Amino acid sequence: MKTISIIEAKKYVDQQVRIGVWLTNKRSSGKIAFLQLRDGTAYFQGVIVKNEVGEELFHEAKELRLEESFYVTGTIHEDSRSHFGYEIEISNLERVGESEDYPITPKEHGIDFLMDHRHLWLRSKKQFAIMKIRNEMIRATYEFFNQEGFIKIDAPILTGSAPEGTTELFHTKYFDRDAYLSQSGQLYEEAGAMAFNKVFSFGPTFRAEKSKTRRHLIEFWMIEPEMAFMHQEESLEIQEKYVAFLVQGVLNNCQYELKLLDRDPKVLERYTKLPYPRISYDEAIQMLQDSGQFPELKWGVDFGSPEETYLAEHFKLPVFVMNYPKSIKPFYMKPHPTRDDVVICADLLAPEGYGEIIGGSERATDTKYLIEQIKKAGLKQADYEWYLDLRRYGSVPHSGFGLGLERAVTWITGQEHIRESIPFPRLLNRIYP
RNA sequence: UGCUCAGUAGUUCAGUGGUAGAAUAAUUGACUGUUAAUCAAGAGGUCGCAGGUUCGAACCCUGCCUGAGCAGCCA
């Protein structure tokens, strides 16, 4: 007899199999009991009938506790009365690990309680579906960049200086010197692009900002591609192709998970059609002013979440907002060739109110300009000499972007809050578990 | 960090000055197709912490702690 996983059950109809499972819920009457089972691959139910298995085993089945682990042996049946489409008629049970007073019950719980039990909450259906989709997006990321000829160059996590200087950094010690946790691998990816042409990084990012919103994490994962001999227009094409590829990957491989989340695949299908609309920052300001909803808004300020939501809702698609004012963007962005007040950059705003998921730009290539900008930003030139070397020795036009994985997962899975898009979220007041 | 709200049974909540409540989970029993099953029974409490007002405080006042929502910042 074969030991299988639940997800394979449909291949073993009318056969005897054995499955290692946990109990997620149970219902019983005098002569029949339904055990809701999960094994980490899927959820389905086992049926155990007293007349078939005898008094003793039936009693044992009724005694099983929530999240107790055991092996079931039985026959797989196709059955429309079961949500999964298949179920197992149990002929034997072998108990493995007991479970007393499992805290998470099938009833409602508050967010504080669930976050305190995040290590257990991950077992529930909704979290299972989100994590499987997150995994698919990671898998698709590697597939996409490999097929596009990128190689993965890992950026360091410990750095000796502030890469962008603006946001707050986590401070730590590097033996007897100061060090900081990475808030972006981008500058290192630029070095990678000069060595390997098309590169990307995928790693954790740390921001010691006191932000407390549904779209912020203190620790999150970012995908940062960087491409040599590439102007912004081609970069935008890669960006939208990548995002559409992520959505398509989820549509191809996660239909079961989308159903568990009640996320309509038809909505996601719209996001696989390219190109995405593009508007300039100037046009965006005009649109927002014309809407009459943002009377205070002036050219030169960054958008908040209400503005981003308005823009993305207007197009009902991811939308690129291009060429922001120089004053609100970091020092390394390429200045516009005919205007000195904007830079060559774009943010991709996700629809349905999910906000910015990508920030990207063409990078400045002129050494003198960069030195000026570094000074203006109040940074120490000495910390950036290695970065300036990239311009001194064979500088080429190059562009790159960063995609926040959890923001993209939150959008594609249709979640309210980013905290459920990462296994163990680090939030302003939360570092346990 | 600012503004707003909340903290009472394992959990989700009601209780606005006079003996601490409900639902649900867990426990025991009944029930042959349940989908948050249903029905019955018993059990379950440092009312976030400290101080104050009062004959009397879960409730009013002060301080503190913890969390959530929104904003700024950003991906």
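Letters A, B, ... mirror the listed sequences (proteins, then strands); counts begin at 1. Keep in mind it's a predicted model, so treat the numbers as computed, not measured.
Side chain A:R407 to base B:C74: a donor-acceptor pair is found below 3.5 Å. Between the base of B:A36 and the side chain of A:K107 there is a donor-acceptor pair shorter than 3.5 Å. Below the 3.5 angstrom threshold, one finds a donor paired with an acceptor across the side chain of A:K212 and the base of B:A68. Within 3.5 Å, a donor on the side chain of A:N51 pairs with an acceptor on the base of B:U32, or the reverse. For A:Q45 against B:U34, a side-chain N or O and a base N or O form a donor-acceptor pair under 3.5 Å.
No side-chain donor from either of A:D39 and A:W22 sits under 3.5 Å from a side-chain acceptor of the other.
B:G44 is unpaired under the criterion used here, namely a Watson-Crick or G-U wobble arrangement in which both key atom distances are under 3.5 Å. B:A20: no Watson-Crick or G-U partner with both key distances under 3.5 Å is found in any strand. Nucleotide B:C59 forms no Watson-Crick or G-U wobble pair with any nucleotide shown, as no partner meets the under 3.5 Å limit on both distances. Pair assignment for B:U38: B:A30, on the basis of Watson-Crick or G-U wobble contacts that are both within less than 3.5 Å. Within the shown strands, B:U4 is the pairing partner of B:A68 under the Watson-Crick or G-U definition, both distances less than 3.5 Å. Searching all strands for a Watson-Crick or G-U wobble partner of B:C74 with both distances below 3.5 Å returns nothing.
For the P atoms, the distance from B:A68 to B:A26 is 28 Å, rounded to whole Å. As rounded to the nearest Å, B:U54 and B:C13 have C1' atoms that lie 29 Å from one another. The P atoms of B:G10 and B:C64 are separated by 29 Å, rounded to the nearest whole Å. Separating the C1' atom of B:C5 from that of B:A9 is a span of 23 Å, rounded to the nearest Å. A distance of about 13 Å separates the P atoms of B:A40 and B:A25, rounded to the whole Å. One C1' atom belongs to B:C49, the other to B:A14, and the distance between them is 24 Å to the nearest Å.
Using the six-membered ring where Trp is involved, A:F145 and A:F200 have ring planes that are parallel, under 30° apart on the 30 and 60° scheme. Ring planes of A:W411 and A:Y271: tilted class, angle from 30 to 60°.
A salt bridge does not link A:K50 to A:E56: none of the charged nitrogens lies less than 4.0 Å from a carboxylate oxygen.
Across all strands, A:G355 comes closer than 4.0 Å to no nucleic acid atom at all (heavy-atom distances). The residue A:K62 sits close to a base: some heavy atom pair falls under 4.0 Å. As judged by a 4.0 angstrom heavy-atom cut-off over every strand, A:D79 is placed among the base-contacting residues. Heavy atoms of A:F34 sit under 4.0 angstrom from at least one base atom. Among the atoms of the strands shown, only primed sugar atoms or phosphate atoms (P, OP1, OP2) are found under 4.0 Å from some heavy atom of A:I358. Residue-level contact check: A:H216 touches the bases, meaning some heavy atom is under 4.0 Å from a base atom. A:E87 comes within 4.0 angstrom of a base, heavy atoms only.
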- Start with the C-alpha distance between A:R215 and A:E356, add both sets of side-chain angles, then the distance that settles salt bridge (Lys or Arg N to Asp or Glu O under 4.0 Å), and finish with yes or no. CA-CA 9 Å; A:R215 50 179 64 168; A:E356 181 181 352; over 6 Å; no
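A straight line from CG of A:L64 to P of B:U34 spans 21 Å, rounded to a whole angstrom. What separates CG of A:L297 from P of B:G72 is a distance of 12 Å, to the nearest Å. Straight-line distance from the CG atom of A:L120 to the P atom of B:U11: 14 Å, rounded to whole Å. We find that CZ of A:R38 is positioned 22 Å from P of B:U35, with the value rounded to whole Å.
Screening A:E189, A:E190, A:R363 for a side-chain hydrogen bond (donor to acceptor under 3.5 Å, both in side chains) with A:H398, the sole residue that qualifies is A:E190.
For the pair A:R65 and B:U27, the criterion of a side-chain N or O lying under 4.0 Å from OP1 or OP2 is met. At the phosphate of B:G69, OP1 or OP2 sits under 4.0 Å from a side-chain N or O atom of A:R419. A sub-4.0 Å separation between OP1 or OP2 of B:G10 and a side-chain N or O of A:H117 is absent. Residue A:S305 has a polar side-chain atom (N or O) positioned under 4.0 Å from OP1 or OP2 of B:A71.
Closest to the A:I418 side chain, of the nucleotides B:U1, B:G10, B:A75, is B:A75.
Aromatic ring centres of A:W121 and A:F424 lie farther apart than the 6.0 Å criterion allows.
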